[in-house]
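Reviewing the structure listed below.
Atom set for the values below is all heavy atoms of this structure, side chains included, hydrogens, waters and symmetry mates excluded. Lettering of chains follows the sequences in order, A, B, ..., and the numbering in each one begins at 1.
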Amino acid sequence: MAIFKGRSFILFPNNEVSSINIFENLIKNNGGKIIEYEHDITNASPDINYGYSHIIGLVNDSYLTLNNNKYEIYENNLLLNEMDLNKRKLWEFVKKNNITLVNISSVSFWLKVKKILINQDNIITITKDPGLHLEEISTSDSCNQSTSECETDIGDIINELVKCNSGSSKNLNSNLNNADNVGEVSSSGTLHGLKNEVIPQYNNEIEEDNKSISASSLARNTNGNELLIKTLDKLSKIHTIRGDEFRSRGYKLAKISVSKYPHKIKSAKEAQEKIPHIGASIAKKIETLLKTGKLPGLEIASKLESRKEYFSSCYGIGPVTAENWDSLQINSLNEALKRFPKIFQHDWSILFGWKYYEDWNKKIPRSECVKHMQIIKEELKLLDDSIECEIQGSFRRNRALCGDIDILFYKKECDDISDLYVVLEMLAIKLYKKKYIKCFLQLSKNINLVFDNEIQTTLQKAGISNNEFRSISLTNRPKLFLGAKLSTTIPEFDTSLYTINPEIDVKLHSEDKYMSSSVQANSVSHALEEYPCRRIDFFICKWSEIGASKLHYTGSGEFNREVRKIAISKGMKLTQHGLYQNDILLESFNEKRIFDLLDIPFIEPPDRQELKF
DNA sequence: TAGACACCGCATTATA
DNA sequence: TATAATGCGT
DNA sequence: GTCTA
């Protein structure tokens with residue numbers, strides 16, 4: 001079919017991205033023309049009667065903003081820097097002649113409905129970016145005009161952006177950068193969780209520790225690529241929030257590779273040739289980074305994502321829901337609640353994600369993990385002292401700070417999961433009655449019995465009616481997710497470990513505070529008077545699968561993915577249940593043997609951080 | 001240049 | 001009503 | 001986003 005016959009298209013901001021290539025081909029294959037240069041327009045001279053109406057401008061969706069359900073494109077550096085000289089001229093042409101602009105994804109829609117549909121819903125208006133100051137752009141003087149205009153208007157915003165960049169203000173990005181850079185405790189003898197009761201103290205020397213580790217392990221380079229590493233990290237985070245998992249991963253892998261590269265990068269060409277996971281696109285970004293010292297549009301891009309980031313920092317909210325709310329101009333959880341009470345009524349666990357939003361975005365000092373473990377172990381002993389438990393996750397990897405606490409339960413020679421689950425459920429209910437466990441995130445019949453009241457009061461607090469049909473799982477699951485809080489009566493409560501850190505802390509918007517658990521502890525920022533609530537995951541594993549299970553729950557996620565990729569390349573499959581070949585179990589009990597069978601050296605948990613092979 | 005990029009569990013929603 | 005797909009979490 | 005077959 002040739003639905004684009006007689007039509008010409010200009011792609012903005014450029015044609016170089018591979019995803020744009022797809023659209024280019026779609027257009028050509030369906031009879032359309034692509035305008036690349038100015039002379040393409042004059043060659044295909046306009047119809048006397050219709051002017052340039054056969055020309056349509058297509059804009060890469062990621063440069064668009066949705067304002068009152070209308071698409072807008074900000075004419076800023078982010079956009080203009082992506083255009084080469086030819087494109088800039090075409091851009092001027094589009095503006096001068098009021099050429100229609102639509103988002104490029106319309107192309108696939110048109111093909112689906114078999115006609116070109118242009119209406120107020122997909123037409124794009126060009127606006128000056130309210131949050132950005134335009135630098136002079138060397139090649140075009142028409143852009144310079146807008147520069148001066150903008151600079152005078154938005155001086156305040158510029159100042160704020162500058163502040164954000166220097167990292168001194170509490171912007172959302174600061175927590176992004178901190179994500180996995182927590183210190184590593186260097187006590188090589190105490191690798192395996194609680195078996196050794198030697199507990200490294202979390203103190204001010206963590207920074208020191210971190211440094212010494214870096215120097216010795218050769219993993220990080222500290223000679224000049226920090227800006228690039230930071231930039232790649234930000235790009236990765238931005239695409240995670242956008243829900244583009246694979247592009248995010250591309251940047252993440254590039255970041256890790258650059259971290260390992262032992263020299264200062266002198267040119268984009270050098271980077272692309274010598275460093276894995278750096279291709280044409282990142283090389284181009286390196287070039288501008290080397291030339292100008294910054295990547296235009298990055299701050300703006302992360303600003304555009306800030307609402308989504310706010311939402312997806314809440315337990316139960318992922319990229320899709322965040323995108324939905326963001327595109328509807330929803331600014332707070334409260335607004336979302338007002339518009340979609342049913343979502344909160346049904347997915348009631350989001351309410352607890354909201355309630356503990358600030359707490360669950362805090363890191364847990366190692367020493368506190370140990371205290372949690374003591375409480376749980378004590379209670380478990382009373383119920384069934386043949387069941388053992390161990391902390392996995394970042395704790396087993398010896399991090400000084402952990403995001404959550406993953407506890408693995410197992411029983412010698414026991415492969416019956418439901419047997420263990422029954423005890424685990426009892427344990428959880430006892431701990432709930434003792435007010436240690438504060439909330440559950442899924443229900444079983446018995447947990448619902450004790451916890452339903454709390455759900456109802458929380459629904460009430462949110463101002464929505466009760467949903468009498470809460471789904472209750474009947475099967476005995478291998479996992480239990482919950483939130484728990486230490487009581488301050490526990491000895492050695494050290495407030496110095498829990499001082500509020502505005503640099504890192506993720507804060508609820510003021511209009512969302514009323515649902516927060518910490519709302520009564522007034523808003524003045526001083527040292528905490530009690531422990532924050534923590535995310536704790538209980539996992540059960542079969543005795544025969546203990547090796548694979550520990551490997552899985554120890555992580556890191558990045559490490560798991562890499563090892564599993566190696567398994568795939570050798571025609572095997574690695575999961576939490578074991579290492580398989582053609583669905584035949586090779587090994588699941590012995591952690592070390594899994595490494596052997598994969599023909600890779602055993603790696604101690606503290607070293608299971610990033611790319612290793 | 002298309003397809004892979006780790007894998008599985010649970011709850012919910014879409015589809016046949 | 002059974003099965004597939006989606007969303008979120010690990 | 002990059003890598004690979």
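Here K252(A) pairs with E558(A) under the salt bridge (Lys or Arg N to Asp or Glu O under 4.0 Å) rule; sequence neighbours left out. In terms of the ring-ring contact (aromatic ring centres under 6.0 Å, His included) criterion, Y580(A) has no residue partners (sequence neighbours excluded). The ring-ring contact (aromatic ring centres under 6.0 Å, His included) check on F440(A) picks up Y432(A), F451(A), with sequence neighbours excluded. D537(A) meets the salt bridge (Lys or Arg N to Asp or Glu O under 4.0 Å) test with R535(A); sequence neighbours excluded. Every residue meeting the ring-ring contact (aromatic ring centres under 6.0 Å, His included) condition with H509(A), not counting sequence neighbours, appears here in chain and number order: Y310(A). Remark: H372(A) engages Y436(A) in a ring-ring contact (aromatic ring centres under 6.0 Å, His included) (not counting sequence neighbours).
Between dA4(B) and K565(A), no contact under 4.0 Å exists linking OP1 or OP2 to a side-chain N or O. For R561(A), a side-chain nitrogen or oxygen approaches OP1 or OP2 of dA6(B) to under 4.0 Å.
Sequence neighbours left out, the pairs with a member in residues 544-566 of chain A that pass ring-ring contact (aromatic ring centres under 6.0 Å, His included) are F539(A)-Y553(A). Sorted by first and then second residue, the pairs that involve residues 593-603 of chain A and meet salt bridge (Lys or Arg N to Asp or Glu O under 4.0 Å), not counting sequence neighbours, are E587(A)-R593(A). For residues 582-601 of chain A, the ring-ring contact (aromatic ring centres under 6.0 Å, His included) pairs, not counting sequence neighbours, are W543(A)-F589(A), F595(A)-F602(A).
In the set dG1(D), dG9(B), dA6(B), the nucleotide with an atom closest to the side chain of Q576(A) is dG9(B). The P478(A) side chain lies nearest to dC10(B) when the options are dC10(B), dC7(B), dG1(D).
The gap from the P atom of dC5(B) to that of dG9(C) amounts to 23 Å, rounded to the nearest Å. dT3(C) and dA6(B) have their C1' atoms separated by 25 Å, with the value rounded to a whole Å. One C1' atom belongs to dG9(B), the other to dT2(D), and the distance between them is 30 Å to the nearest Å.
Judged by distance alone, with hydrogens and angles left aside, the side-chain atoms of N590(A) form a donor-acceptor pair with the main-chain N or O of K592(A) at under 3.5 Å.
In this structure, NE2 of H577(A) is placed 13 Å from C1' of dA6(B), rounded to the nearest angstrom. As rounded to whole Å, 16 Å separates atom P of dG9(B) from atom CG of D537(A). Atoms OH (Y553(A)) and P (dC7(B)) sit 16 Å apart, rounded to a whole Å. As a whole-Å value, the separation of L551(A) CG from dC7(B) P is 13 Å. In this structure, K234(A) places its NZ atom 18 Å from P of dG1(D), rounding to the nearest Å.
Annotation: side chain of Y421(A) is not in contact with side chain of P478(A) (no heavy-atom distance under 4.5 Å). Side chains of E287(A) and K269(A) form no contact here, defined as non-hydrogen atoms less than 4.5 Å apart.
With a heavy-atom cut-off of 4.0 Å to chain A, the contacted part of DNA chain C has its first and last nucleotide at dG7(C) to dT10(C).
Positionally, the nearest nucleotide of DNA chain B for R249(A) lies more toward the 5' end than for the other of R249(A) and Q442(A).
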Taking only N/O atoms, report every protein-nucleotides 12-14 of chain B pair under 3.5 Å with atom names and distance.
from    : atom 1 : to      : atom 2 : distance (Å)
dT12(B) : OP2    : S471(A) : OG     : 2.7

Enumerate all atom pairs, one protein N or O and one N or O from nucleotides 3-5 of chain D, separated by less than 3.5 Å.
from   : atom 1 : to      : atom 2 : distance (Å)
dC3(D) : OP1    : H277(A) : N      : 2.5

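At the heavy-atom level, Y251(A) lies under 4.0 Å from the strands shown only through sugar-phosphate atoms. Nucleic acid contact for L235(A): none, since no nucleic acid atom lies under 4.0 Å from a heavy atom of the residue. Using a 4.0 Å heavy-atom criterion, one finds that A254(A) contacts no nucleic acid atom at all. T321(A) comes within 4.0 angstrom of the backbone, heavy atoms only, and of no base. Residue contacts for I568(A): at a heavy-atom cut-off of 4.0 Å it reaches the sugar-phosphate backbone alone, with no base atom in range. Here I282(A) lies in heavy-atom contact (under 4.0 Å) with sugar-phosphate atoms only.
Classification of the F352(A)-Y356(A) ring pair by plane angle, with boundaries at 30° and 60°, yields parallel.
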